[in-house]
Amino acid sequence: MSARAISAVKGMNDLLPEEVERWRVLEETIRETTRLHGYREIRTPLVEPTPLFVRSVGEGTDIVDKEMYSFVFHDEPLTLRPEGTASVVRAYVEHALHTKEPVSRFLYVGPMFRGERPARGRYRQFHQAGCEVFGDPGPVVDAEMIDMLVGLMAKLEVGEVEVLLNSLGGAGTKARYRERLLAHLEPMKESLSQDSQRRLETNPLRILDSKHPQDQEAIAGAPSILESIDDEDRAHFDRLRALLDALGTPYRVEPRLVRGLDYYSRTLFEIRGKSPELGAQNALGGGGRYDALVEDLGGPKVSGIGFGLGLERLLLASKAKPGLRVRSVLIAPMGARAQTEALVIARELRALGIVAHVEGRGGSLKSMLRRTASVDAGVALVLGDGELDRGVVQLKELDAHVQRDVARAELAAEVTRFFGRGTTP
RNA sequence: GUGGCCGUAGAUCAGCUGGUAGAUCACCGGAUUGUGGCUCCGGUUGUCGCGGGUUCGAAUCCCGUCGGUCACCCCA
């Protein structure tokens, strides 16, 4: 303990076994829910060529401008993925998956990296689960996806949530709206916050969801994007709303919802939690349609829609509890001969699906049995030279405080029978 | 990235206005020599985040730094 200990990188956390139990429950719930909707899991590298994100997420976004873990390795610019969609699109294009099926549905789960200042619910290495659908222009999938999210939130017991919905229109309307917005904002440039003045150049749409008090007046008077979208965009949006209404899936239209990635078009949504556990980071997930992205990344003209969920945040908000621990067998061997036999017994039990712990550290029987509590053992097996000579093992039923000798040959059957008749507390 | 608050045993924390540290839990051992969880008794645990400064003397004051946290920002 004298050497200086090394600690984890700022904003990157260890997940200790106790927490991992909750993570597994969460991930299993997500996998099962998405599986029922036809999503299949895809796994892509954590590292991608830097241009992939620059081209998809977009220059001028906070993510690309200041949050990416980028580095050059052997002359190649690489980046630790800051989000999941770009990689999935890249893989979709690279493997020409559109030629194999008209519609593809993907689930991904894994770590993402953004160099932000850590806070509650915000980390530099964080985890997302996300879904992507390619080849279906909506709006039926849009509704189905949002409805799935709301259902998933309920299953995870995250409490009350709010779905914010907006439409950005297609590429054409987006550009047109951008001009209208600029025309409105330019004259009042001086009154805007510094961040927003900068965004006038880089990414004017982002000004809409600025929370700066200085910006509120300008934003309030700004033209609504929903009034700028064209007829087709509007028909898409109206149909989506009608579907959600019919499904009874609650949402709130938020014309100023913009979000931080450039590739979105038409449908845009965000799901916010109300749990006080979330602190200021209340966005549990968000996503939208990206009908031009696949083509922009060199693929076919295929539409797409997807979302990402923040696993850390879901865990903060979720009240779902991990299942009961599986009860186990603790084997306490006294002496060298017994230790060998303990390993053999453990092997037999594990082959039958029973969790077995061998107390191999020696010490007094008392100290070995003391560990029954921490491993949540239902049964302890004690064996020493006496038992070995008689060809038996002492079986202790811990809850019942009873013990008896069991013939070595019948041990596995006896333990199986014990667990079989239900010993869950 | 900006500002506020915090940083003492593995964990949660106490330690007032400066005199080199404690509680609880956990852990280890014991309560007639091979029998747990409860109880009782005993024990270990710390470069008081790190570096520097003030001082005869600092966990206690000052500066810096790192980490955490809250808000801003951003989003998941």
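Order of the sequence lines fixes the chain letters, A, B, ..., with proteins taken first and strands second; residue numbering starts at 1 for each chain.
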Salt-bridge test for [X] and [Y]: reply yes if a basic N is under 4.0 Å from a carboxylate O, no otherwise.
X: A/Glu41; Y: A/Arg43; result: yes
X: A/Glu83; Y: A/Arg81; result: no
X: A/Arg408; Y: A/Glu341; result: yes
X: A/Arg289; Y: A/Asp136; result: no
X: A/Arg337; Y: A/Asp389; result: yes

Hey, does [X] reach any base, or is it just sugar-phosphate, or nothing, if we go heavy atoms under 4.0 Å?
X: A/Gly130; value: nothing
X: A/Ala283; value: base
X: A/Glu270; value: nothing
X: A/Arg313; value: base
X: A/Leu316; value: nothing
X: A/Gly115; value: nothing
X: A/Ile63; value: nothing
X: A/Glu83; value: nothing
X: A/Glu387; value: base
X: A/Ala377; value: nothing
X: A/Asn282; value: base

Of the nucleotides [options], which one has an atom closest to the side chain of [X]?
X: A/Leu369; options: B/rC28, B/rG36, B/rG34; value: B/rG36
X: A/Thr372; options: B/rG36, B/rU35, B/rU69; value: B/rG36
X: A/Gln281; options: B/rG34, B/rC70, B/rC73; value: B/rC73
X: A/Gln394; options: B/rU69, B/rC73, B/rU35; value: B/rU35
X: A/Glu116; options: B/rG34, B/rU69, B/rC74; value: B/rC74
X: A/Val382; options: B/rG34, B/rC73, B/rU69; value: B/rG34

Across all strands, who's sitting opposite [N] as a Watson-Crick or G-U wobble pair, both distances under 3.5 Å?
N: B/rG22; value: B/rC13
N: B/rC48; value: none
N: B/rC73; value: none

### Query
Distance check: side-chain N/O of A/Arg370 vs OP1/OP2 of B/rG29, anything under 4.0 Å?
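Yes, such a contact exists.
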* Asked: OP1, OP2 of B/rG67 versus side-chain N and O of A/Lys10: anything below 4.0 Å?
  ->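 Answer yes for this pair, as a side-chain N or O of A/Lys10 is under 4.0 Å from OP1 or OP2.
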Rounded to the nearest angstrom, tell me the gap between atom [atom1] in [X] and atom [atom2] in [N].
X: A/Leu383; N: B/rU35; atom1: CG; atom2: P; value: 15 Å
X: A/Asp376; N: B/rG36; atom1: CG; atom2: P; value: 18 Å
X: A/Asp62; N: B/rC72; atom1: CG; atom2: C1'; value: 13 Å
X: A/Lys366; N: B/rG30; atom1: NZ; atom2: C1'; value: 7 Å
X: A/Phe126; N: B/rC74; atom1: CZ; atom2: C1'; value: 11 Å
X: A/Leu395; N: B/rU35; atom1: CG; atom2: C1'; value: 13 Å
X: A/Arg371; N: B/rA26; atom1: CZ; atom2: C1'; value: 15 Å
X: A/Arg117; N: B/rG4; atom1: CZ; atom2: C1'; value: 10 Å

Given the structure, check if the side chain of A/Lys396 and the base of B/rU35 hold any donor-acceptor pair shorter than 3.5 Å.
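Pair found.
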Taking donor-acceptor contacts at under 3.5 Å, does the side chain of A/Arg122 reach the base of B/rC74?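 Result: at least one qualifying N/O pair found.
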Contact nearer the 5' end of RNA chain B, comparing A/Ser367 with A/Arg272
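Per heavy-atom nearest nucleotide, the more 5' residue is A/Ser367.
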Original post:
Which comes earlier along RNA chain B counting from the 5' end, the contact point of A/Tyr123 or that of A/Val9, where each point is its nearest nucleotide?
Top reply: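 Its nearest nucleotide lies further toward 5', so the answer is A/Val9.
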Check your understanding: Just by modelled atom types, is the A/Leu309 backbone N or O under 3.5 Å from a matching donor or acceptor in the A/His127 side chain?
Key ->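 The answer is no, because no donor-acceptor pair under 3.5 Å joins these two groups.
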For the pair A/Arg105 (side chain) and A/Cys131 (backbone), establish whether a donor and an acceptor sit closer than 3.5 Å, ignoring hydrogens and angles.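 Pair absent, no side-chain N/O of A/Arg105 close to backbone of A/Cys131.
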Aromatic rings A/Phe113 and A/Tyr69: how do their planes relate, parallel, tilted or perpendicular, breaks at 30° and 60°?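 Because their plane-to-plane angle is over 60°, the rings of A/Phe113 and A/Tyr69 count as perpendicular.
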Expressed in whole Å, how much space separates the [atom1] atoms belonging to [N] and [M]?
N: B/rA14; M: B/rA9; atom1: C1'; answer: 13 Å
N: B/rC61; M: B/rA71; atom1: C1'; answer: 28 Å
N: B/rC48; M: B/rG18; atom1: C1'; answer: 14 Å

